[in-house]
Amino acid sequence: MGIRNRSGFSASNEGVSRRSLLRGAGLAAALVPMSGVLAACGSGSEAGGGGAASSGAAKAVPLPTYVPPVKPKPLLEGNAQGVMDVYASFPMDGPRTVNGQVGDGSDFNVLIMTYGQPSPPVSESPYWQLLNKELNLNVKPLQVPFDSFQTKFPALVAGDDLPEFVSVPMYMNVSRLPQLAEAQFTDLSEFLSGDAVKKYPNLAGIQNYAWLNGYLNGRIYGVPKSDPIFTSQIYTKTDVIEAAGANPNPTNLQEFKDLAKAVTNPKAGVYAFGSNIADFMMMMFGVPNKWTKRSDGTFVSAYEHEAFIPAMAELADLYKSGCFHPDTPTLMNNKTQRDSMFRGGKLAMLWDGNRAVGIVADDKDVVFDIMVPFGKDGGKGVHWTGGGAYAMTMIKKTTDKNRIDMFLRVLDYIAAPFGSRESFIMSYGVEGVDYTVKDGVAVLTTRGQREQDLGLAYIVGGPQVLCDPQGAPGVDKLNYEWQQKAVPMLLDNPAQHLYSETFNTKGSSLEQQMQDAITAVFLGREPASSLTSAVQKWKVAGGDRMAKEYAEAATLAG
C-alpha cells in the first residue's frame, strides 16, 4: 500500500489529518468576510448559516471571476459547490494549459512549510531540475518543518528575513495578520479581482470558496491552495455490519444507537468506535458550525447552543454502553492503529477526515461505505464545512508589476488542473526516475516521493479530484455519491473568514480547554452538566471577546 502521488493534486492523498488542520483554522479566521459563496452551501438562518460571509461583499473587492479550467473530461463531473471530479486514472496525455515563458530566469525564493524530510538538493534531484526548466526559474525553497513554523515565521518577520514569496498554511495562527499583510505584502486585487484573473486561466479555475481565504482587509493578498469543503465523516465497515445483521444506514439517533450496539461484540474484540465522535453527535443534534450570526449582528458560540450539552450527554451514554473500544482513550491519539483496526474489522465505524478515504481506498480488499448525515429525530442532517483552502501564497510588497506578473504566472503553472500536462509534471516528474508506468497508470517511485518533498504543489491549486486507480473498486464513485448527498446539508461557519485577534492569539488554548472538558464528559470522568461551567470559563477567558471581534469585523465589512 504505497502513496502514489503526494503532490496534493489528488484529494485522496493523505499527509496529515485535514480535520485537525481545519479545526485550528487560525489563519482562515484572520480574513475579512466576502460574498455569499459559502452561504450558498448552507443555511443562512440563525442555525449557523453564512450571514457574515454574504455581508462582506459591499466593501471588499469582487471575487476573481470563476472560469472552469481546461481539463480532461472526468468519468464523473463535479460541481462548483465542492463535489469532486472522478477520474479512472491520471491522464497521461492531458492538455497543455500554460503557453509561453513562465519565469524570467531569476531566483524564486519561496517559504514553504513541510511535513517530511527536506528535499534532496537540486543537483541530486531530477524532479527539481525539471521544474526549474519548465518554470524557467531557479526555485529556491526555504523549507520550514511544520513543528517549528510557529516560532520560525515570527522570527523571520521580526528580522525582516522573509523571502520574496511566502506560503502560509491556513491553520497556522499569525498574530495581527491584516496589519502584517498591509505592511509587508503586495495587494494583488488589481491583478486578480473580477475579470483580471482571466489572464491566469488556471488561477481563474480556483473555486470561489477557496479564494475567500486569500482576502485580508477586503483586498486580495494571497492565492489559495484549495482544499475539499467537506470535513470529517463516518466510514462504515459494511461487511462487519452486515454480519451483525444491523442497519448500515441509520436515519435517526435511535437507529444509530441500535447499529452501534448491534455491531459491538466484546468476545470477538469488535466495537462500534475507537475515537471521540463529538463533532458527529453535534451535527446530528443540529449544533451550529462553531458560531451563529444573529439577525442583530451579534455572534454566539456553538458551545452556548441549546443542543450542545444534550448532544454531549448522549455521547457519554453511548460510551458508557460499551460501544467504544476499551482502548479508546489511547486510540484517540493513534490514527494509524485506528485505521488498522478498521481495516481488520475490529472497529465497525471510523470517524475521520474526507481525505481518509484515500488511505482506506488503497486497500483493494477493504469493504466500506460512508454514512450519510441525518438529524437526531430523522429528516435532513447537517454537515459542517471547513475553510476550503489549505494555504495561501503571497508576494512581499513591491510595485514592480513585471515581478508581480511573473509571480502569478508561476502560480498559474503550479495550479494547473488535474490531468493537464503541467499537473502531470508537477505530480510525477521524470519517467523512469520519479515514476514508472504500470498497466497504463503512473506510479511514483520511492525516489519520486522523496523528491516531491520540495513542496511546491502545496502552495497553490484549484479543484481537487477523486482518483484511486489502485484502490478498492468503486471507491471514488462511492465518495462522489456521498458528496452529492452531503452538499445540500453543508453548514458553514459564519466566522470562518472574519478576523479575531483573540482567536489568533488565544484560540488554540481556549479550544483545547473545551476539547478537554468534552473528552472528560465523553469518557465518563465528569457529568455532562460540568460543561456549563466549562463554557462560562471559556467565555470569560476569551470567548466573549471573540464574539465581539467577529461582530465588529462583520460590521466593518458592511
Side-chain angles (χ1 to χ4, degrees), residues 8-13 18 22 34-44 49-50 53-54 62-88 90-91 94-95 97 197-198 201-214 224-233 289 353-355 357-358 361 370 372-373 380-390 415-420 423 460-468 474-493 496-497:
F9 280 99
S10 167
S12 295
N13 299 332
R18 293 298 187 268
L22 291 171
M34 275 286 301
S35 90
V37 174
L38 288 183
C41 299
S43 167
S54 60
L63 279 163
T65 300
Y66 174 74
V67 180
V70 175
K71 62 185 182 184
K73 183 175 176 56
L75 197 61
L76 299 171
E77 190 86 34
N79 62 38
Q81 284 72 48
V83 176
M84 302 176 199
D85 289 337
V86 173
Y87 287 89
F90 204 121
T97 64
V197 75
K198 292 181 179 178
N202 293 329
L203 299 186
I206 296 175
Q207 304 101 319
N208 288 342
Y209 62 71
W211 275 113
L212 289 168
N213 295 275
K225 163 69 176 175
S226 66
D227 219 16
I229 198 71
F230 307 100
T231 51
S232 294
Q233 57 211 16
N289 186 354
N354 187 260
R355 290 187 176 203
V357 73
I370 307 174
V372 176
K380 181 181 175 183
V382 301
H383 186 80
W384 294 347
T385 61
Y390 164 71
F418 180 91
S420 65
S423 72
V460 64
Q464 297 199 19
V465 306
L466 295 165
C467 180
D468 289 281
V475 61
D476 293 326
K477 183 172 183 290
L478 182 153
N479 197 6
Y480 175 86
E481 291 173 347
W482 179 89
Q483 291 179 0
Q484 286 187 312
K485 294 173 184 173
V487 159
M489 307 179 195
L490 291 178
L491 183 64
D492 57 295
N493 171 7
Q496 183 70 54
H497 302 285

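Distance check: L212 CG to Q207 CD gives 11.0 Å after rounding to the nearest 0.5 Å. For the atom pair CD1 (I229) and CD (Q81), the distance works out to 10.5 Å, reported to the nearest 0.5 Å. To the nearest 0.5 angstrom, W384 atom CH2 is 14.5 Å from Q233 atom CD.
P224 and V460 make their closest contact through O-CG2, 3.4 Å (heavy atoms, listed as atom of the first residue, atom of the second, distance). The two atoms that bring P72 and G419 nearest to each other are CG-O, 3.5 Å, heavy atoms only. Contact between A416 and S420 at its shortest, heavy atoms only, is CB-OG, 3.3 Å. Across every non-hydrogen atom of V197 and T65, the tightest pair is CG1-O, 3.4 Å.
Looking at D468, its side chain never comes within 3.5 Å of a backbone N or O of D476 through a donor-acceptor pair. Without hydrogens or angle criteria, K380 side chain to P488 main chain gives a donor-acceptor distance under 3.5 Å. Looking at Y480, its side chain does come within 3.5 Å of a backbone N or O of E77 through a donor-acceptor pair. Judged by distance alone, the side chain of N289 and the main-chain N or O of T385 form a donor-acceptor pair under 3.5 Å. Judged purely by atom type and a 3.5 angstrom limit, N213 uses its side chain to pair as donor or acceptor with the backbone of Y209. At distances below 3.5 Å, not a single donor-acceptor pair connects side-chain atoms of T231 with backbone N or O atoms of G386. Here the side chain of S226 pairs a donor or acceptor atom with the backbone of G461 at under 3.5 angstrom.
Put simply, the side chain of P69 does not reach to within 4.5 Å of the side chain of P201, judged on heavy atoms. A 4.5 Å side-chain heavy-atom check between K225 and Q464 finds at least one atom pair inside the cut-off. Side-chain contact check for Q483 versus L466: some heavy-atom pair is nearer than 4.5 Å. Side-chain contact between M489 and V372: present, with at least one pair of heavy atoms (C-beta onward) separated by less than 4.5 Å. At a threshold of 4.5 Å between non-hydrogen side-chain atoms, the residues I206 and W211 count as touching. In this structure, the side chains of K477 and V86 stay at 4.5 Å or more apart for every pair of heavy atoms. Contact of the P373 side chain with the V382 side chain is not registered, since no non-hydrogen atoms from C-beta on lie closer than 4.5 Å.
Between F230 and H383, the two ring planes are tilted [angle within 30° to 60°].
A search for salt bridge (charged side-chain N to carboxylate O under 4.0 Å, His left out) contacts involving K485 returns nothing, not counting sequence neighbours.
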| request: Tell me, with the steps shown, if D85 and F418 meet side chain to side chain contact (heavy atoms under 4.5 Å, CB included). | output: CA-CA 9 Å; D85 289 337; F418 180 91; over 6 Å; no

